[in-house]
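These notes concern the structure reproduced below.
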Amino acid sequence: MSDELEAFMMTQPPTAERPLNGMTVLVVEDSRFASEAIRLLCLRSGARIRRADNLAAAHRHLRVYRPTVVIVDMGLPDGFGADLIEELSGDAIRVPVILGMSGDAGTRDAALDAGADGFLEKPVERLAAFQQAILSVLPHQEGPATPRTLPNDVIAPDALALQDDLSHLAQIMRAGDDDATQDYVAQFLGGLACSAHDQGLATAAKRLAAARHAGRSTGADMAHVTHLVEGRLKERRHL
């Protein structure tokens, strides 16, 4: 979205077609593929988007401006999304809408217990569901004044963003495989698999996470994940 278009959209009131006109959405998400989906949904809805790929970057953004909506991934490279949600929900001047997000539906309760207004389960790709998740908890005076028709559109993020995420994972695994790295790989891969509708990656992520939780050896699981990720990258390079 160009700066000129952003500036114009921020001056427009919400409408039935663009119910998020005038709003800024901060998405705190380390996956480029998942962030690209949110960007497209915001663009279609009239909102401006800002992205932070970790908690530290989110805090830098929040020191500069106050968004209307903050969407927080529950697993981040430098901490837990629930911690940021709890911090934001306790602010004296509260962000109007705080949403948790994850490919693991089991983190919904943690997000809501921390103070989130709602929860987005990956893949986040349906325009109607995205808009409704925000508008259903948005203070009435900030939403569109006219009734709206729920759109049936499903967005498709740029495949290059998926390739970037796979490359990011491959680099992390080449750099080491200590406990913290393995936990992050399982979490990141699980979310990416949901967003990309990749059942093979999803199964591998669940197996790695289960092995970590049970305290079992993870050598074979990490080798399998590495094989899958490198294979997906090779496939994409030949497209």
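Computed from a predicted structure; not experimentally measured. Just the heavy atoms: all of them, side chains too, but no hydrogens, waters or symmetry mates, feed the values below.
- In this structure, CD on Glu86 lies 11.5 Å from CG on Asp91, to the nearest 0.5 angstrom.
- The backbone N or O of Arg94 sits less than 3.5 Å from a side-chain atom of Arg66, completing a donor-acceptor pair.
- Closest non-hydrogen pair, Ala116 versus Ile85, comes out as N-CG2, 3.4 Å.
- Partner of Leu192 under the side chain to side chain contact (heavy atoms under 4.5 Å, CB included) criterion, chosen from Val229, Asp30, Leu166: Leu166.
- More than 12 heavy atoms of other residues, nucleotides or ligands shown are found within 6.0 angstrom of OH on Tyr184.
- Scanning both residues, Ser89 and Ile98, for their nearest heavy atoms gives N-CD1, 3.7 Å.
- Across all their heavy atoms, Ala114 and Ala82 have their closest contact at CB-O, 3.5 Å.
- A donor-acceptor contact closer than 3.5 angstrom links the side chains of Gln199 and Thr203.
- With respect to the salt-bridge test (charged N to carboxylate O, under 4.0 angstrom), the residues Asp198 and Arg232 qualify.
- Rounded to the nearest 0.5 angstrom, Met222 CE and Gln182 CD are separated by 5.0 Å.
- By the 4.0 Å N-to-carboxylate-O rule, Asp221 lies too far from Arg207 to be salt-bridged with it.
- Remark: the Asp178 side chain and the Thr181 side chain contain an N/O donor-acceptor pair separated by less than 3.5 Å.
- Here the side chains of Leu208 and Val185 are in contact, with some heavy-atom distance below 4.5 Å.
- Side-chain N or O atoms of Arg212 include none that pairs as donor or acceptor with a backbone N or O of Ala180 at under 3.5 Å.
- Of the possible polar contacts, one joining the Ser102 side chain to the Asp104 backbone as a donor-acceptor pair under 3.5 Å is found.
- The shortest distance between side-chain heavy atoms of Ile155 and Leu127 does not fall below 4.5 Å.
- Remark: the backbone N or O of Gly75 is paired with a side-chain donor or acceptor of Gln187 at under 3.5 angstrom.
- Heavy-atom minimum distance, Phe33 versus Asp165: N-OD2, 3.0 Å.
- Counting non-hydrogen atoms of other residues, nucleotides and ligands closer than 6.0 Å to NE2 of His197 gives a total above 12.
- Few gaps surround CD on Glu230; more than 12 heavy atoms of other groups in view lie less than 6.0 Å from it.
- Counted within 6.0 Å of CZ on Arg126, heavy atoms from surrounding residues, nucleotides or ligands total 12 or fewer; the atom is thus considered open.
- Between Arg32 and Asp158 there is no salt bridge, since none of the side-chain N atoms of the basic residue sits less than 4.0 Å from a carboxylate O of the acidic one.
- Between Lys122 and Gly191 the shortest heavy-atom distance is CD-O, 3.9 Å.
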Side chain to side chain contact (heavy atoms under 4.5 Å, CB included) assessment of Asp117 paired with Leu138: CA-CA 9 Å; Asp117 300 302; Leu138 187 73; over 6 Å; no

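- Distance CG/Leu233 to CG/Leu162: 8.5 Å, rounded to 0.5 Å.
- Between Tyr65 and His61, the angle of the ring planes goes over 60°, which puts this pair in the perpendicular group of the 30/60° scheme.
- The two residues Gly46 and Asn21 have their closest heavy-atom pair at CA-OD1, 3.3 Å.
- Interatomic distance, Leu112 CG to Leu99 CG, rounded to the nearest 0.5 Å: 9.5 Å.
- Between the side chain of Asp78 and the backbone N or O of Leu55 there is at least one donor-acceptor pair closer than 3.5 Å.
- Here Gln163 contributes atom CD and His168 contributes atom NE2; the two are 14.5 Å apart, rounded to the nearest 0.5 Å.
- Looking at heavy atoms from C-beta onward, Leu62 lies in side-chain contact with Pro67 at the 4.5 angstrom threshold.
- Looking at Pro96 and Met23, their side chains never come closer than 4.5 Å, going by heavy atoms from C-beta outward.
- Summarising the geometry, atom CD1 belonging to Ile71 is positioned 6.0 Å from atom CE belonging to Met101; distances are rounded to the nearest 0.5 Å.
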Criterion side chain to side chain donor-acceptor pair (under 3.5 Å) on Ser35 and Glu29, from CA distance to verdict: CA-CA 6 Å; Ser35 297; Glu29 168 62 74; 5.3 Å; no

